[in-house]
Amino acid sequence: MNGLFRLTIKELLSKKIIITVFILATIFCLTLMFALNIRIGGIDSKVILNLFGNQVNGDTNMPSAEKILGYIQTGIAGTVFFISLFIALFATSGLFPDMLKKGNIDLILSKPLSRDNIFYQRFSGALAVVAATVLYLIAFSWIILSVKFGIWNFRYLFSGLIILVFFFNIFALMTLIALFVRSGVVSLLLTYFIVFILAPIIGTIAQFGVLNDSFYKNSVSILHFMLPKVNETLVLLSNIIMSQEFTLGSIWISLISGVIAVWISLVIFKRSDF
Amino acid sequence: MPAIESIGLSKYYPRGKVQALSDFSVNVEKGTIFSLLGPNGAGKTTLFRLLLGIAVPTKGEGRILGTHISDPKARQKVGYLSEDHRFPGYLNGEQFLYYYGKMSGISDHDLKRRIPDLLKKVKLDERKNLKLRKYSKGMLQRLGTAQALINDPEIIFLDEPTDGIDPIGRIEIREILLDLKNSGKTIFINSHLLSEVERISDDIAILKQGVLIRKGKTSDFLESTGRYQICVEKSKNGQVSEIFRKFSIENIQTAGGFSAAISCPEKLNEIIDEIRKERILIENIEQLKNSLEDYFIKVLK
């Protein structure tokens, strides 16, 4: 009965964009493996980085090996975060609108599957592909960097989970929008609008307390609480990887917001006529 | 237990302003071919969608093999070919049957056996590796028919099954449907092709503006016109005209022979006796009936 889950994976892989990300991730990791050379030595354990045989860093005021590793891993995690935000979201934007098109949804609904089951199979199929891509890149680069530096930073692996929770949140939001607008492009643009324009504006208003009316003030606070927070998630990623103090508050909120968006989407999907 | 029960099924859109289907009640018996007829917008596809759980009824209820239509298990033994199907172009024919078979809960073992058989049945076995985006409309229709049979269903819902298929393909689809009926399957068809429906259906229902206006056996719809077509050797047409005059039978001479208003079989036999007495060769005699198309147009007017 997991035909739709498997079909969703097949559909995403057929779009080639995910395969391209896999190939690029592999090339990147292989480049790290063969081209990056690290020497740690001397009295103060000075780190010398060589890329394709050229020394990258100067000799003065060098940070520790842990710090350099942290910077590299933060850079990779940030890149993976934006890959999930742009490429993965773009690749998955058409999944629900395409499924809801007349002639496609009729056939799926005529199968002995409950609507909950249809929704979850479609949703989890998309999550599975993105999770595989993100975890592959993070895990592969973690192994290579750990071997090269001789430092096994397990917090970097944890950053992969943070990225996935954030993706879950925005994908759930996009799915909810897609159920209303039934267009991949429009739902993607509206999601970007909410994440990159609306959420920062609401965040700024909430932070500076420019509203006096208690109703608007509370509404803005609730919205600020619920909306995806790109900046805070990036800071969280960096703090986790760099072993700095952090709280998981923003990621718990992402998780709760995502679950609420999934629940509302499911209610709408179950009540819709096609 | 009927294969399909519809008890006062109704659907209104939006907020009760448009009546897509009103109080539709019908039972479809197992092992029969039941056809739904009606002009565009009559509610035929709406009925399919309600029965298959694609849309939710405003009123009434339905059962498939005794299971309420709101229960997904009702569709366990159902196959469906939709009218405007949109099959994934990135799959090939074999993969398409595999994934949609999995959605029906069929095991890999059974699919391995059924897919080649079905592809052969719809004559697509040589195109099984071709991507669906390269299939013609007729090929997609045949593949859709194979998909509707992938779970070896008890009931098959077919929305315009011969749409886009050439005459030879139509004959092949008709043969498949008759085979299925003979193997005890129930077939529920929605079609505009009245001649096709007339040939294969056991029962017919006619819908107009969401309301059921007629239902019955196909033979009930094919009424006698009270006329016979009599064809004799051409050189003797004059003599036959004389015989009709003698019996005071109104007749018209057409390319196919004489179309004569003969009230009963006894009268027909008397005329035949008279023609044979004159040693005139009778080439053909046929009772003229209203076609389903004639009846359909009359009813809808």
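Here the structure is a predicted model, which means the values were calculated and not measured. So that the names make sense, note that chain A is the first sequence line, chain B the second, and so on, each numbered from 1.
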Distance, nearest 0.5 Å, that separates [atom1] of [X] from [atom2] of [Y]:
{"X": "B/D71", "Y": "A/S114", "atom1": "CG", "atom2": "OG", "result": "10.0 Å"}
{"X": "B/K73", "Y": "A/L113", "atom1": "NZ", "atom2": "CG", "result": "13.0 Å"}
{"X": "B/Y98", "Y": "A/K10", "atom1": "OH", "atom2": "NZ", "result": "11.0 Å"}
{"X": "B/R86", "Y": "A/I105", "atom1": "CZ", "atom2": "CD1", "result": "12.0 Å"}

Taking A/D106 as the fixed residue, which of B/T45, B/I54, B/L81 is the one that meets the side chain to side chain contact (heavy atoms under 4.5 Å, CB included) rule? B/I54
Test applied, side chain to side chain contact (heavy atoms under 4.5 Å, CB included); reference residue, A/S110; option that passes from B/Y100, B/F48, B/F157, B/Y80: B/Y80
Side chains of A/K111 and B/R75: closer than 4.5 Å at any heavy-atom pair? no
Within a strict 4.5 Å, meaning less than it, do heavy atoms of the B/M103 and A/L7 side chains meet? yes
For the [atom1] atom on [X], are there more than 12 heavy atoms of other groups (residues, nucleotides or ligands in this structure) within a distance under 6.0 Å?
{"X": "B/E61", "atom1": "CD", "value": "yes"}
{"X": "A/Y216", "atom1": "OH", "value": "no"}
{"X": "B/R127", "atom1": "CZ", "value": "no"}
{"X": "A/K102", "atom1": "NZ", "value": "yes"}
{"X": "B/K128", "atom1": "NZ", "value": "no"}
{"X": "A/K217", "atom1": "NZ", "value": "no"}

Looking only at A/N104, A/L107, A/I118, the option with the highest number of non-hydrogen pairs under 4.5 Å against chain B is A/L107
Pick one of side chain, backbone, both or neither for [X], based on which atoms fall under 4.5 Å of a heavy atom in chain A.
{"X": "B/L91", "result": "side chain"}
{"X": "B/E83", "result": "neither"}
{"X": "B/K11", "result": "side chain"}

Dump the intermediate steps for side chain to side chain contact (heavy atoms under 4.5 Å, CB included) on A/E11 and B/Y99, then the final yes or no. CA-CA 11 Å; A/E11 185 176 338; B/Y99 284 108; over 6 Å; no
Suppose we screen for ring-ring contact (aromatic ring centres under 6.0 Å, His included). Which residues come up paired with A/Y136, at least two apart in sequence or across chains? A/F22, A/F140
Heavy-atom closest pair (B/S82 atom, A/G103 atom, distance to 0.1 Å) is OG-O, 3.9 Å
Return yes if some donor-acceptor pair links the side-chain N/O of A/D273 with the main-chain N/O of B/V56 below 3.5 Å, else return no. yes
Is the backbone N or O of A/F274 less than 3.5 Å from a side-chain atom of B/R49, with the two atoms forming a donor-acceptor pair by type? yes
